[in-house]
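Below you'll find the structure, written out as structure tokens, and then a few comments.
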Amino acid sequence: MRYVLIALLIAIFGYALALVLQNPAELQVDLLFTQVPAMRLGLLLLLTLALGVVVGLLLGVQVFRVFQNSWEIKRLRKDIDHLRKEQIQLAQQAAAEAASSVRHEKTVLDVHANDKTTTF
């Protein structure tokens with residue numbers, strides 16, 4: 001992977017150098033805040049390309065962050081729904097156990113109450 005990246009960087013550098021050398025014409029550039037009286041066309045193209053790449057990367061990172069947050073919110077909502085269902089099931093089981101325990105105690109108390117009344 002490292003060698004591929006190095007080869008890609010060398011290719012981009014070679015392209016940029018060829019772009020500057022193939023476009024030697026000079027022209028006046030107005031940069032809104034200042035003016036450059038003479039700049040090579042190839043250098044202007046290279047600067048424009050670099051600026052576009054930087055702006056594109058920054059926007060891409062922001063868009064990816066928005067999507068990543070959206071995916072995380074969806075995942076957390078699914079987890080919350082799963083935990084709610086699990087809590088409901090546990091509460092139902094606890095209620096069923098409590099109800100059976102009360103029935104068992106009532107039965108035991110009824111049997112002991114009958115035993116006391118029958119002895120003389």
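Remember, predicted model here, so these are calculated numbers, not experimental data.
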- Task: Give, for atom CG of Leu49 and atom CG of Leu44, the distance between the pair rounded to the nearest 0.5 Å.
- Result: 11.0 Å
- Item | Verify same cluster id: Leu17, Leu46 (apolar side-chain graph, 4.5 Å) | no
- Message: Under a 4.0 Å threshold between the charged nitrogen and the carboxylate oxygen, would Arg75 count as salt-bridged to Asp79?
- Response: yes
- Task: Group every Ile, Leu, Val, Met, Phe, Trp and Tyr by side-chain heavy-atom contacts under 4.5 Å, then state whether Ile12 and Val4 land in the same group.
- Result: no
Show me the donor-acceptor pairs, under 3.5 Å and distance only, between side chains in residues 22-34 and residues at least two apart or in other chains.
from  : atom 1 : to    : atom 2 : distance (Å)
Asn23 : ND2    : Leu19 : O      : 3.0
Gln28 : NE2    : Gln35 : OE1    : 3.4
Asp30 : OD1    : Leu32 : N      : 3.4

- Rounded to the nearest 0.5 Å, what separation is found between the CG atom of Leu47 and the CE atom of Met39? 5.5 Å
- Item | side-chain contact (heavy atoms from CB on, under 4.5 Å) between Asp81 and Lys78, intermediate numbers included | CA-CA 5 Å; Asp81 289 340; Lys78 285 181 183 178; 5.7 Å; no
- From Leu76 atom CG to Leu83 atom CG, the distance as rounded to the nearest 0.5 Å: 10.5 Å
- Message: I'd like to know if the side chain of Ser70 and the backbone of Val66 have a donor-acceptor N/O pair within less than 3.5 Å.
- Response: no
- Quick one: pull up NZ in Lys85 and CD1 in Ile80 and give me the separation to the nearest 0.5 Å. 13.0 Å
- Task: First locate atom CZ of Arg84, then atom CD of Gln89, and finally report the distance between them rounded to the nearest 0.5 Å.
- Result: 15.0 Å
